Number of protein chains: 2
Amino acid sequence: MSSKLSKTHNLAWRKFLVAHVMLIEQIEQDLAQAELPPLSWYDVLFALSEAPEQRLRLHELAEAVLLSRSNLTRLLDRLEAAGLIQREQCSSDRRGAFAVITNEGFKMLDQMWSVYGQAIEKYFACHLDANEVKFFIKILNRLTRATSTKSESY
Amino acid sequence: MSSKLSKTHNLAWRKFLVAHVMLIEQIEQDLAQAELPPLSWYDVLFALSEAPEQRLRLHELAEAVLLSRSNLTRLLDRLEAAGLIQREQCSSDRRGAFAVITNEGFKMLDQMWSVYGQAIEKYFACHLDANEVKFFIKILNRLTRATSTKSESY
DNA sequence: CTATAGTAGTTGCAACTGCAACTATCTCAT
DNA sequence: ATGAGATAGTTGCAGTTGCAACTACTATAG
């Protein structure tokens with residue numbers, strides 16, 4: 001019953017969606033053109049490279065990458081097949097496994113970043129000055145925090 | 001050579017991505033919980049409902065919905081099977097077809113909007129006051145305009 | 001202990017996606 | 001007219017996704 005969504009807010013939402021697809025499409029295209037794997041690979045490699053000991057439990061990784069688990073399983077299969085990560089048994093929990101980034105993985109991470117980083121600059125960052133970017137972050141923080149609770153719809 | 005992406009801009013980009021997945025996930029969940037079809041259906045129905053005569057050529061629709069054509073073909077198959085749209089031959093171009101929204105389609109559009117609209121309000125709009133939303137739109141416009149030139153469907 | 005519930009990760013399946021190849025039609029310079 | 005090239009939409013295929021069911025193990029209650 002609350003609703004009463006303003007025209008302007010509605011417009012903002014549509015533009016948000018459009019901006020997202022266009023940017024992602026463009027970036028994926030840049031990566032593909034450089035014969036590099038898709039963004040999802042980057043996300044995994046990046047998360048692992050930042051993690052202590054370059055390794056994460058699979059469920060932690062899934063969380064970090066915002067991916068369902070079944071999805072992550074098969075994404076890791078591909079990365080493992082490409083030699084970019086390895087699975088390692090967890091000694092303290094025999095169900096569990098770590099994903100560990102390999103040297104090859106680090107190399108790929110660098111290669112991808114050289115394209116990805118430039119793309120972010122080219123399509124995104126260069127359009128936001130120092131004040132704007134802070135404002136932008138402030139807003140996005142609010143949006144994510146509100147949703148992060150995973151609250152029921154009440 | 002230009003690059004030199006600032007930490008802050010990089011952060012903004014990540015938050016943009018995270019905000020997007022979280023919002024979409026949440027909204028899709030709300031729709032699913034109400035036993036309604038996914039957002040992509042809404043987009044098609046909405047575009048058609050706004051169009052003159054409630055119909056669009058398929059390629060116009062694909063453009064409006066930011067979907068590849070092959071994708072749209074099959075999305076429309078599903079919508080047609082569900083009775084929400086119909087295909088109609090184009091008299092002036094025998095290759096072409098229109099998608100037309102049916103009465104059932106309009107009904108579904110309303111049902112979906114009652115959930116979707118509330119969700120936008122609840123997860124997005126309510127976090128932005130009048131000034132902020134304008135600013136947000138201004139930024140998004142810049143981002144899309146910069147990218148828009150290149151996203152032709154080959 | 002042992003039963004019960006919970007968690008970690010994988011797998012089967014059906015749906016959805018993008019790309020490239022295909023058919024059919026239209027456009028236009030010759 | 002006519003043949004080269006563009007455009008409209010569909011289809012085949014291989015890759016990717018989400019969901020639910022499954023195996024294996026852990027944690028907890030009695």
Side-chain angles (χ1 to χ4, degrees), chain A residues 20-22 24-33 35-44 55-82 85-100 150, chain B residues 20-22 24-33 35-44 48 55-82 85-100 151-154:
Chain A
H20 181 266
V21 282
M22 290 181 100
I24 293 295
E25 255 172 31
Q26 182 64 62
I27 292 172
E28 291 283 16
Q29 205 177 298
D30 283 16
L31 285 169
Q33 206 156 339
E35 314 217 299
L36 292 169
L39 272 180
S40 52
W41 289 36
Y42 179 85
D43 285 347
V44 168
R55 75 192 50 213
L56 284 173
R57 286 293 293 270
L58 299 202
H59 64 276
E60 297 173 312
L61 187 51
E63 175 97 358
V65 177
L66 290 163
L67 220 56
S68 76
R69 295 193 179 174
S70 69
N71 228 323
L72 184 67
T73 292
R74 285 174 282 216
L75 178 51
L76 291 181
D77 289 347
R78 287 169 242 146
L79 285 164
E80 195 166 24
I85 67 114
Q86 263 180 249
R87 276 178 238 240
E88 266 180 39
Q89 251 234 342
C90 174
S91 53
S92 62
D93 183 341
R94 267 190 279 181
R95 293 168 302 183
F98 289 100
V100 194
K150 286 219 162 111
Chain B
H20 181 266
V21 282
M22 290 181 99
I24 293 295
E25 255 172 31
Q26 182 64 63
I27 291 172
E28 291 283 15
Q29 204 177 298
D30 284 15
L31 285 169
Q33 207 157 339
E35 313 218 300
L36 292 169
L39 271 180
S40 52
W41 290 37
Y42 179 86
D43 285 346
V44 168
L48 293 178
R55 76 192 49 213
L56 284 173
R57 288 292 295 270
L58 298 202
H59 65 276
E60 298 173 312
L61 187 51
E63 175 98 357
V65 178
L66 291 164
L67 219 56
S68 76
R69 292 185 185 183
S70 67
N71 229 322
L72 184 66
T73 292
R74 284 174 281 216
L75 179 51
L76 290 182
D77 289 347
R78 285 168 245 147
L79 285 164
E80 196 166 22
I85 66 117
Q86 263 179 250
R87 276 177 240 241
E88 265 181 38
Q89 251 233 344
C90 174
S91 52
S92 62
D93 184 341
R94 267 189 282 180
R95 294 169 301 184
F98 289 100
V100 193
S151 73
E152 288 343 90
S153 55
Y154 82 109

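Quick caveat: nothing in here was measured; it's all calculated off a predicted structure. Residue numbers start from 1 in every chain, and the chains themselves are labelled A, B, ... in the order their sequence lines are given, proteins ahead of strands. For the numbers below, each heavy atom of this structure counts, side chains included, while hydrogens, waters and symmetry mates do not.
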Rounded distance (Å) that lies between atom P of C:dT7 and atom CD of A:E63: 14 Å
Length of the CG-P vector between B:L75 and C:dT17, whole Å: 7 Å
Qualifying residues under salt bridge (Lys or Arg N to Asp or Glu O under 4.0 Å), relative to A:E28, sequence neighbours excluded: none
Note, B:V100 side chain near B:L48 side chain (heavy atom, < 4.5 Å): no
Separation of D:dA8 P from B:Q89 CD (nearest whole Å): 15 Å
Gap between atoms CD and P, on A:E88 and C:dG9 respectively (whole Å): 14 Å
Minimum heavy-atom distance between B:F98 and B:L58, given as atom pair plus value: C-CD2, 4.0 Å
Those residues that, when tested against A:A32, pass side chain to side chain contact (heavy atoms under 4.5 Å, CB included) (two or more places apart): none
Flag side-chain contact, heavy atom, 4.5 Å: B:L67 against B:D43: no
Atom of B:A99, atom of B:I85 and distance for their closest heavy-atom approach: CB-CD1, 4.4 Å
Contacts of type side-chain hydrogen bond (donor to acceptor under 3.5 Å, both in side chains), residue B:D93, not counting sequence neighbours: B:R95
Residue pairs passing the salt bridge (Lys or Arg N to Asp or Glu O under 4.0 Å) test where at least one lies in residues 69-79 of chain A, sequence neighbours excluded: A:D77-A:R87
Sugar-phosphate or base contact per nucleotide [nucleotides 10-15 of chain D; S, B, -; heavy atom under 4.0 Å]: BBBB--
Sequence-distant partners of A:E88, side-chain hydrogen bond (donor to acceptor under 3.5 Å, both in side chains), two or more places apart: A:R55
Phosphate OP1/OP2 of D:dT7 contacted by B:H59 side-chain N/O (<4.0 Å): no
Between P of C:dC16 and CD of B:E28, the distance in whole Å: 11 Å
Nucleic acid footprint by protein, nucleotides 24-29 of chain C - heavy-atom cut-off 4.0 Å, B for base, S for sugar-phosphate alone: BBS---
Between C:dG9 (C1') and A:L56 (CG): distance, integer Å: 15 Å
B:L31 CG - D:dG18 C1' separation (whole Å): 16 Å
